[in-house]
Engineer: 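The structure is given below, and queries will be raised subsequently.
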Amino acid sequence: MKYQTVLTIAGSDPSGGAGIQADIKTISACGCYATSAITAITIQNTQGVQAVQAIPADIIYQQIKCVSEDIEINAIKIGMLHSAEVVNMLAAWLKDHPCTNIVLDPVMVSTSGHRLLDENAIISMTQNLFPLVRVITPNIPEAEVLLGQKIQQQEDIAIAAKKLANKYHTSVWLKAGHLHADVLVDICYDVETKKIYELPGVRIRTKNTHGTGCTLSSALASMLAKGLSLEDSARKAKEYMNQAIRHGADFEIGLGQGPVHHFWNLWSENKQD
C-alpha cells in the first residue's frame, strides 16, 4: 500500500491555525500523507503576526532534499517564502526535480497587515517560480499587486484570473473572499484547457477565518496528489473549505480570528457513529 504524499514548504504558526500546522492538518484530513519544510518561524496568535524569524535558505534546501530523497512526493504546496534568495533556491531545485502538481499560495501580507514578502522576492517569485507551478491561489489584494490594478466587484475576478494566467503562464485560482457580497464566487482559470471554473460559496458570518488561504491551497494540492483533474480538485477543495468554515464558525479559540475546523469530516463521522 502507498500513501499519496504532499510536501508543504511554508512558515510555522505556533497558534496552529495557519502555515505548516494548518497545511499538515488539511493534507491529513483530505486523506494524504504530509511532509514539510519550514521556511520561517513566526511569532503569532489569532490576533496577528508579531515577528518573523527567517530560516536560512540552505537549511530549507536541506529539509527539502532530505525528505524528497527518501519519500516520493506526489504534490507540492508552497506557502510563505520570505526572501528572493529562498525563492531562487526553490526555483533551482524544482528545475532539477520537476513535479507536475505544484500549488503556490503567493503569501505577501498577513491578514493583520504584516508584510511577509519584500519587493525583490515578489519579482523573483513571478519570474522564476510561477512558470514552474501548476496553479497559483492569490486572494484579491495579492492579485492586485501582481496585476497592478484594482479588483472591486465579482465581474472583475474572471477577467483578472485570465489576465494573471496569460501573464504568468500558469493556472490561477482567484479567491473572492475580500468582496462583501453574501454569495462569493471564486474563479479558477485553467491555462491547460483555457476553461473557467466557477467555485461558489455562501458567506458565513464568523471571525474564524485564520489560515483559510493555507488551508485551501493545501486541500487543492491534496486532491491533485490523488490524480484528479484540476477542475475536480478545485471543486473538492472548495467543498472541503466551505465545510471547514461552516463547522468551525461557532468555536471560540483565542481572542482574535480563530481557525477553521480542519477535521470537520472526521468529527461528522464520529457523531454519526
Side-chain angles (χ1 to χ4, degrees), residues 9-11 18 39-40 48-49 52 54 76-92 94-95 102-181 184-201 203 209 211-214 216-217 220-221 230 234 238:
I9 303 170
T39 60
V49 178
V52 176
I76 299 173
K77 174 267 170 83
I78 302 171
M80 180 185 173
L81 304 174
H82 51 74
S83 69
E85 181 185 11
V86 172
V87 171
N88 293 335
M89 175 277 295
L90 182 55
L94 288 173
K95 286 179 181 177
I102 304 176
V103 178
L104 192 154
D105 185 20
V107 181
M108 299 176 185
V109 182
S110 71
T111 304
S112 59
H114 193 99
R115 188 67 182 252
L116 301 174
L117 201 63
D118 62 35
E119 191 63 32
N120 288 334
I122 294 174
I123 294 171
S124 295
M125 180 181 289
T126 57
Q127 292 180 349
N128 302 324
L129 207 49
F130 278 16
L132 302 176
V133 308
R134 187 169 185 184
V135 57
I136 61 173
T137 60
N139 57 30
I140 286 176
E142 291 160 349
E144 289 176 338
V145 170
L146 293 171
L147 280 177
Q149 67 182 58
K150 286 291 184 182
I151 300 170
Q152 298 179 318
Q153 56 190 355
Q154 183 67 56
E155 291 73 17
D156 297 336
I157 294 182
I159 297 171
K162 187 174 181 179
K163 281 185 178 180
L164 283 170
N166 291 331
K167 182 177 182 179
Y168 295 114
H169 309 291
T170 184
S171 295
V172 176
W173 181 337
L174 181 47
K175 297 170 287 191
H178 283 77
L179 298 180
H180 301 292
L184 303 170
V185 183
D186 295 353
I187 294 294
C188 181
Y189 181 81
D190 188 339
V191 77
E192 301 164 26
T193 63
K194 310 302 181 187
K195 292 182 178 179
I196 288 179
Y197 311 129
E198 293 187 350
L199 305 166
R203 181 180 295 281
T209 56
T212 48
C214 306
L216 185 65
S217 54
L220 178 59
L230 179 55
K238 180 65 175 181

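Side-chain atoms are counted along with the backbone in the values below, which use heavy atoms only and exclude waters and symmetry mates.
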Engineer: Using every non-hydrogen atom in the two residues, find where A91 and L132 come nearest and quote the distance to one decimal.
Structural biologist: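 Scanning both residues completely, I find the closest heavy atoms to be O-CD1, 3.5 Å.
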Engineer: Count the heavy atoms of every other residue, nucleotide or ligand shown that sit under 6.0 Å from CD of E198, and state whether that count exceeds 12.
Structural biologist: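 Result for CD/E198: open.
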Engineer: Check D105 against S217 and note the closest heavy-atom contact, atom names and distance.
Structural biologist: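 Scanning both residues, the minimum pair turns out to be CB-OG, 3.7 Å.
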Engineer: Quick check: are there more than 12 heavy atoms from other residues, nucleotides or ligands sitting under 6.0 Å from CD of E144?
Structural biologist: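 Check passes, neighbour count above 12.
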Engineer: Drop me the distance from H178's NE2 to I151's CD1, to the nearest 0.5 angstrom.
Structural biologist: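 Rounded to the nearest 0.5 Å, the NE2-CD1 separation comes out at 11.0 Å.
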Engineer: Between atom CD1 of I102 and atom CD1 of I76, what is the distance when rounded to the nearest 0.5 Å?
Structural biologist: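 Between atom CD1 of I102 and atom CD1 of I76 there are 4.5 Å.
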Engineer: Any donor and acceptor pair, going by atom type alone, linking the side chain of R203 with main-chain N or O of L184 inside 3.5 Å?
Structural biologist: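 Checking the backbone N and O of L184 against the side chain of R203, no donor-acceptor pair under 3.5 Å is found.
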Engineer: Between H82 (side chain only) and T39 (backbone N and O only), is there a donor and an acceptor less than 3.5 Å apart?
Structural biologist: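 Judged by distance alone, yes, a pair lies under 3.5 Å.
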Engineer: Should we say atom NZ of K167 is surrounded by more than 12 heavy atoms from elsewhere, each under 6.0 Å from it?
Structural biologist: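 Check passes, neighbour count above 12.
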Engineer: Do the side chain of K238 and the main chain of P200 share a donor and acceptor less than 3.5 angstrom apart?
Structural biologist: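 Side chain of K238 to backbone of P200, a donor-acceptor pair under 3.5 Å: no, none is there.
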Engineer: Measuring from L81:CG to L104:CG, what's the distance to the nearest 0.5 Å?
Structural biologist: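 CG of L104 is found 6.5 Å from CG of L81.
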Engineer: Is any side-chain heavy atom of Y189 closer than 4.5 Å to a side-chain heavy atom of K194?
Structural biologist: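 The answer is yes, as the side chains (C-beta and beyond) meet within the 4.5 Å cut-off.
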Engineer: Ignoring hydrogens and geometry, is there a side-chain-to-backbone donor-acceptor pair from T170 to A165 under 3.5 Å?
Structural biologist: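 Looks like no, no N/O pair under 3.5 Å.
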Engineer: Just verifying a value: how many Å separate W173 CH2 and L216 CG, rounded to the nearest 0.5 Å?
Structural biologist: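 Interatomic distance, W173 CH2 to L216 CG, rounded to 0.5 Å: 4.0 Å.
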Engineer: Starting at NZ of K95, measure out to CG of L129 and round the result to the nearest 0.5 Å.
Structural biologist: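 Here the interatomic distance stands at 9.5 Å.
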Engineer: Taking the side chain as every heavy atom from C-beta outward, state whether T212 and K175 have any atom pair closer than 4.5 Å.
Structural biologist: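 Sidechains of K175 and T212: no contact.
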Engineer: Looking at L146, is its backbone amide N or carbonyl O close enough to the side chain of Y168 to form a donor-acceptor pair, meaning the two atoms are under 3.5 Å apart?
Structural biologist: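 Indeed, once roles are kept as given, a pair shorter than 3.5 Å links the two residues.
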Engineer: Looking at T137 and E142, what are the two nearest heavy atoms and their distance?
Structural biologist: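 Looking at all heavy atoms of both residues, the shortest contact is O-OE1, 4.3 Å.
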Engineer: For the pair V87 and I122, evaluate side-chain contact (heavy atoms from CB on, under 4.5 Å) and give the outcome as yes or no after the intermediate values.
Structural biologist: CA-CA 9 Å; V87 171; I122 294 174; over 6 Å; no
Engineer: Which heavy atom of V185 sits nearest a heavy atom of A176, and at what distance?
Structural biologist: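 Shortest heavy-atom separation between V185 and A176 comes out as O-CB, 3.5 Å.
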Engineer: Is there a donor-acceptor contact under 3.5 Å from the side chain of K77 to the main chain of C214?
Structural biologist: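 Side chain of K77 to backbone of C214, a donor-acceptor pair under 3.5 Å: yes, one is there.
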Engineer: As an exercise, state the distance from SG of C188 to CG of L230, rounded to the nearest 0.5 Å.
Structural biologist: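 The distance works out to 4.5 Å.
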Engineer: Restricting to ring pair (Phe, Tyr, Trp, His ring centres under 6.0 Å), what partner residues turn up for Y197, sequence neighbours left out?
Structural biologist: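 Expected list: none.
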Engineer: How far apart are the closest heavy atoms of A160 and L174, and which atoms are they?
Structural biologist: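 The pair with the smallest heavy-atom distance is CB-CD2, 3.7 Å.
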Engineer: Checking the side chain of S124 only, and the main-chain atoms of N88 only, is there a donor and an acceptor separated by less than 3.5 Å?
Structural biologist: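 The answer is no, because no donor-acceptor pair under 3.5 Å joins these two groups.
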